[in-house]
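Worksheet: the structure to be examined is printed underneath.
All ligand and atom numbering here is 1-based and tracks the order in the structure.
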Amino acid sequence: MSRMSSRGLYLLGGLLAVGTVGTYACQGGGGAAVGAGDLAAAAQAVYVAPGSYDEFYAFMSGGFSGNLTVMGLPSGRLLKTVPVFSQYPENGWGYNEETKAMLETSHGFVPWDDAHHPELSMTDGVPDGRWIFINGNNTPRVARVDLTTFETTEIVEIPNSAGNHGSPFITPNSDYLVASTRFSVPIPNRDISIEEYKENFKGTLSFIRVDRPGQMDVAFQILMPGFNYDLAHAGKGPSDGWMFFTSYNTEEEHTLLEINASRKDKDFVAAVDYRRAEECIASGAGSTAAVRYRHNYIDARHIAVSEEKTSVRVIEPTDCSDLVYFLPTPKSPHGVDVDPTGEYIVAGGKLATVIPVHSFTKMIAAIQAEDFETTVAGIPVLRYESVIAGEVQNAGLGPLHTEFDGNGFAYTTAFISSEIVKWQIGTWQVVDRIPVYYSVGHLMIPGGDSRRPWGKYMVALNKITKDRYLPTGPELAHAAQLIDISGDKMRLLLDFPTQGEPHYAQAIPADIIQDKQVRFYDLAENTNPYATRSEAETRVVREGNRVHVYMTAIRSHFVPDNIEGVRVGDEVLFHVTNLEQDWDVPHGFAALGARTAELLVMPGQTRTLRWVPEDPGIYPFYCTDFCSALHQEMSGYVRVSPRGSSAQLRWGTGGTWHTN
Ligand code: K7E
Ligand code: CUA
C-alpha cells in the first residue's frame, strides 16, 4: 500500500469504502519496471541508436503549460515544444508582433490555457498527419497546429461555453470537431443567483467546422440541459454521423459536486445525430444568437490576424426531432470511446464498478422501437438494458479512458487502482492487467481511437509520480510510461517525464509526416510588409515617435548593427528578416531592456520586436541562437539620446553611416 496513490484516495476515496481501494495496486511489488531478466529486453525495445529516428511522433498535451509537446516513441525523447495557448519565450510566440494576435480572446489578451486533448486530423477515420488540434479548457478555445511546420496556425474561441473540456474530438473526415462545455452557465450569461441553477443554467455542444484551414468556425451549437459535459468521440463506420458525449452532474447541482453530483446511479451519454442537425438547420430550425468570440489565424504573410465574430447558430433538441438521445450510463462517466468497428461505445464511469459498453446497433433499434424510459428536457432517454452490449466486470477502480489495439482488444485506465486492464471486445472478459505508477488518466495507443490503430505501443499518462524520479522539491516530474502491447501480456518498457500534466496524447507513424516538413521559407515569397529581402534594402525610418528598423540577419552579422538618433519616448520596432535559405539556421534577436521575449526568426521569415527605451545610453542587441563559429560576434548597438534631443537618425554597418 505504501506506493498507492494517496492523492487518488484523496480525490475519489471519499466516495468509496477505503478498504476496497488498492486491491489491484502494487502488483509491481515496489515498482520495478519488469523482472530483472527482462530489463535488457525492455531497454533494447526503447533504445533508438544515436543518429536513428523514432518510429512514432507522439503529440503530448502540455496540460497547464498551455502547449503541445512532440516526443519520439519508443524513446520518450522530447523533440519540440509547440506553443499554442501560452506565450513561449523560447521562440517569442505571443510576444512578437506577428503572433500576439493569436492569443486575443473576447476577454482580451489571454496568454495561458489548460490544454488537455491533442487530436490528429483524419481521413476516412484514420489519422492523416495534416494537422493536430488541441483544446484550451479555461478560456474556451480550440487550436489547429500545422504538421508541416509544427506551428499553431489557427485558434477559435467557443462562445456560450464555460470550460472547453470535451474537445476537440474530430469526425472521421475532419469535417467537424466538437467542443462541449464542462460547466453549465446561464446562456446568455447574465447576473443571476447561482441558486437558480436548475431553471437557468445550460450546456452547449459545439460543432466546429475545420476542413478549411484559416476558416475554422462554430457551425452550430446544441443547447442542452445544465449538466457537465465531459468528453466525446465520433462514431465511425456504421455509427458515422453520430457524436457521443459524456455528461455528469445530471443532478444539476451547483455546490459540493463531489457529493451532490454523485447521487444518481446513472448519468448519460448523449448521442447526437449531427447530420440531422445539419438538416434541421438547413430547413431553418434554431436561432441565431448574438455572441462575441475571436477567430485568430496566421495569414498568408505569416502574420496573426484576430477577427471578432458576433453570431452563432443555436439549436435546441426540441427544435429538431431525432437529434439527441440519452444513453443511461453508470456512474459519472468520464471518457467515451468508440471501438475501431464503430459498433461499441465504451464509457468510463469514474465511480462505476463495471465498464458499460453500449451497442450502436441496439441503440438504433431502440430508437426505431421508441423504447424510451422517459424524456429529459424533451430528449428521449433510452433504456439501459436495451442499448447495453455488455459490461466488463472486475475492471479496476475508477475507470476513465479506453483505447483499442485493432486486434479485438480494449484497454481501460483505472485511476484509483492505478492500472490498465486489457479486455476482449465481445466477451467482455478481462484478459490482462498491468500496474502503472501512479493514478493513470488517459492512455494512448497510436491511432487507438481511430478506425485503424497501430497497436504496438501504449502510453500511460499518469497523474502522480511520487517516487519514480529523483525528487525536485514540492513539485515532482509529470510522467508517462510506455507499454508494449504487441503480445498477449502487456509489458512495461519505459518511464519518461512530460512537460506539464499529461492528459492525453496522440501518435502517428513518423513516415506519415517526416518528409512533409517545411525546411525554410522562401525569401522571395516573404510578404511581411516589413520584410527586408537584402542588405541593400536595410534602413531605419522614423514616423513621429515610432522608429522602424528594417534589419537583416545572416551568418554572422546584423545589418545595420549601429543605430543612433533614437530618443527616450520612442517606440522602436525591430523588423528582423533572416536572409538564410537553408534548413536549421534560425537567428535570434534580443535587445537590452526589452520587456518581451527574444525573436527567433526562421530562414526567410520576418519577426518584429517592440522595444521602448527608457533612459539615454548605449544598448546592445545580439543573436540568441548559436548560429556559427562567429555567433558571439553577431551583435550591435543602439544609442539612445534624451527625450527631445535633436540627434539625427543614422545607421550603419562596417563604418559607413546612412541617414534619410
Ligand atoms: Cu481524463 Cu481532461 Cu481528458 Cu485529464 S481528462 S485524465
Ligand atoms: Cu545568428 Cu547567432
Side-chain angles (χ1 to χ4, degrees), residues 5 7-8 11-12 60-64 113-119 134-138 140 163-169 178-183 228-233 245-246 248 332-337 347-350 398-403 412-416 418 420 436 438-444 449 459-464 478 480 498 500-506 551-559 561 576-580 582 584-590 598-603 605 607 621-636:
S5 158
R7 196 166 141 210
L11 289 173
L12 282 163
M60 318 285 290
S61 110
F64 39 72
D113 218 309
D114 178 19
H116 285 212
H117 308 118
E119 178 87 342
I134 191 164
N135 64 321
N137 200 349
N138 187 59
N164 183 32
H165 189 260
S167 180
F169 301 99
V178 296
S180 61
T181 188
R182 174 177 176 191
F183 302 106
N228 294 44
Y229 295 90
D230 212 9
L231 286 159
H233 264 104
F245 297 89
T246 44
Y248 62 102
S332 298
H334 184 58
V336 56
D337 299 285
K350 301 189 286 275
L400 292 183
H401 297 283
T402 299
E403 294 228 326
T412 300
T413 54
F415 175 86
I416 298 171
S418 281
I420 294 175
V436 286
Y438 302 94
S439 303
V440 61
H442 280 268
L443 75 176
M444 180 274 281
D449 67 340
V459 176
L461 298 144
N462 302 326
K463 298 301 185 194
I464 318 279
H478 298 275
T498 64
E501 183 177 319
H503 281 272
Y504 186 45
Q506 291 224 308
M551 181 180 279
T552 59
I554 194 165
R555 283 163 287 181
S556 299
H557 57 274
F558 293 107
V559 178
D561 67 1
V576 182
T577 300
N578 181 345
L579 297 180
E580 309 278 356
D582 197 1
D584 200 22
V585 197
H587 291 286
F589 180 87
E598 67 161 353
L599 301 176
L600 192 67
V601 193
M602 296 303 128
Q605 190 178 49
R607 302 273 94 160
F621 55 84
Y622 72 101
C623 172
T624 48
D625 187 316
F626 211 111
C627 51
S628 70
L630 297 174
H631 154 84
Q632 287 294 89
E633 282 73 10
M634 193 165 174
S635 61

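- Residue-ligand proximity, His334 to ligand 1, at heavy-atom distances under 4.0 Å covers atoms 1 (Cu), 5 (S).
- Rounded to the nearest 10 degrees, the angle SD (Met634) to atom 1 (Cu) of ligand 2 to SG (Cys627) equals 100°.
- Atom ND1 is the N, O or S atom of His587 at the shortest distance from atom 1 (Cu) of ligand 2.
- Checked against atom 4 (Cu) of ligand 1, the N, O or S atom of His503 at the shortest distance is ND1.
- Among the atoms of His117, no N, O or S atom is found under 2.8 Å from atom 2 (Cu) of ligand 1.
- Using a 4.5 Å heavy-atom cutoff, the side chains of Lys350 and Asp230 are in contact.
- Classification of the His116-His165 ring pair by plane angle, with boundaries at 30° and 60°, yields perpendicular.
- Using the six-membered ring where Trp is involved, His442 and His401 have ring planes that are parallel, under 30° apart on the 30 and 60° scheme.
- Between the side chain of Asn135 and the backbone N or O of Pro168, no donor-acceptor pair lies under 3.5 Å.
- Contact annotation: His116 places an N, O or S atom under 2.8 Å from atom 2 (Cu) of ligand 1.
- If you look at Leu231 next to ligand 1, the close heavy atoms, those under 4.0 Å, all belong to the side chain.
- Between the side chains of Glu633 and His557, no donor-acceptor pair of N or O atoms lies under 3.5 Å.
- Heavy-atom separations between Glu501 and ligand 1 are all 4.0 Å or longer.
- With 3.5 Å as the limit, one finds no donor-acceptor pair spanning the side chains of Tyr622 and Glu598.
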